[in-house]
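Notes to accompany the following structure.
Just so you know, ligand 1 is whichever comes first in the structure, and atom 1 is the first atom listed for that ligand. Just so you know, these numbers use all the heavy atoms, side chains as well, and skip hydrogens, waters and symmetry mates.
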Amino acid sequence: MKQLLSLLTILLAVCVHAQDELTSQLYKTYDTYKETSIGKRRIKHADIQPLIQKTAANPKFKVQKVGESIQGRDLNLISIGSGDINIFLWSQMHGDEPTATQAIFDIINFLDAPEFKTEKEEILSKLKLHFLPMLNPDGAEVYTRRNALGIDINRDALRLQSPEGRTLKRIRDSLDADFGFNLHDQSTYYNAERTEKPATISYLATAYNYEKDINELRANAMKVIVYMDKIIQNYAPGQVGRYSDDFEPRAFGDNIAKWGTSLILIESGGYTNDPEKQEIRKLNYVSILSALYTIAKGTYKDIPIEDYEKIPRNDRKLFDLKIENVTYELLGNDYTLDLGIFNHEIDLEDHEQFYYRGSVGDQGDLSTFYGYKTFDAKGYKIVPPKVAKVDRITNAMDLLKNGVAYVKTEIPEKSRFVHLPLMLVHEEFEMKDFSIRPGINPTFFLKKDGILTHAVINGFLIDLSQPLDGQNTGNGLIFR
Ligand SMILES: [Zn+2]
């Protein structure tokens, strides 16, 4: 008996090792399968149609039109595999959450390619995969969460007013899927609880009742999540969060879990210096494919569900820039402040490009908060910006070194921002009383020992002792 047990342990270890090996190979070879035609977040229905059509023409896949959005955009289901276990993966129920849509097309490229034959045979003989990418194409068109009706599809699982929601329910029911992957993006300001690490990926084995009971279906989702968490730890250590499992009776994930599917929520969050979330997309690809493999092999079943609770909770304590311990003078007295600054994305009319507009999110004692970028400004004092008039801007750094942030100059027509760390203003512009408070645009200077050392322009920190090239200076704004 003892011998048998040790043999089993060895077999299990070999198995686990083989899977780790697969994961690392998936990570290394990712670029071979990456669908490069969709490399930015603001993708639209038209961008994925050539990929849908290419897949439809490929005999390995079955592509069916399964519905239409309110504005008449096709919803397609892409299926592959001959196994008994049905896996349903849908993405972008919220129009501005495209990361997993991109990863789905990477996975489809992978499944079509000749490599990894053994692993793919394992997956496709045991599983039947069904992908529904971009469930909310009308929202994607204008890069917004809600659909054309202005509702959150993820609160429509009971009332089923949206054709997108009805399609999702109908497909779930017709497949009676064993596993569901509910693929979203979350705010980049989520962190793993009590750490400065962004929650690059967050998981949830969604609850099916207010009591948050754990039945076999939910336990299976937890086990697969523990497996995926271990994988992400190799590439983004500490950057996984556990999404709140509060039951939401109107949401799809919660109802799909109730209707009898092991429901895995994946939320793509933030990652340092990855504004287009392409590294996060890659982590989706690697962890979803690895999850499919462990489901096909059945190896997830041995994972203890206790490990699920060990994944840190999601928290929302991140800023883009945190300035600590800065001295701020008000009415003749000095105060010590921390500043938490956001770089909000503002879409241009085409919803294909965006610029940044900064704001102070909070100020005061922010010692329990974190920043993607943190600057300890102990001994530095906030200095209000100056306005200057110039015919042409020839050297932005010279202006900054003189404490100038607002420039009266010829303003390019229509544009609302400028690729310079300066604010362009009209002839009559006057600086209002300068004060730091939540909501204002963070544009000021920092002084230490009588010298201006840094500028903060539209929420971006600029080191005045370094060339502008090579610094992330974001953009300035134009005030007409
Ligand atoms: Zn979402």
Taking only residues two or more places apart in sequence, or in another chain, which ones meet Y300 in a ring pair (Phe, Tyr, Trp, His ring centres under 6.0 Å)?
-> F179

Could you pull out the closest heavy-atom pair between H130 and N86, with the gap in Å?
-> NE2-OD1, 2.7 Å

Run through the protein N/O/S atoms less than 2.8 Å from the Zn ion (ligand 1) and write them out by chain and number.
-> H94 ND1, E97 OE1, E97 OE2, H184 ND1

Does the side chain of T261 come within less than 4.5 Å of D178's, by heavy atoms?
-> no

By side-chain contact (heavy atoms from CB on, under 4.5 Å) - contacts of P312 (at least two apart) | A192

Where at least one partner belongs to residues 276-291, residue pairs that pass salt bridge (Lys or Arg N to Asp or Glu O under 4.0 Å), sequence neighbours excluded | R41-E276, D106-R281, D185-K277

Closest non-hydrogen atom pair between A207 and D245, with its separation = CB-O, 3.5 Å

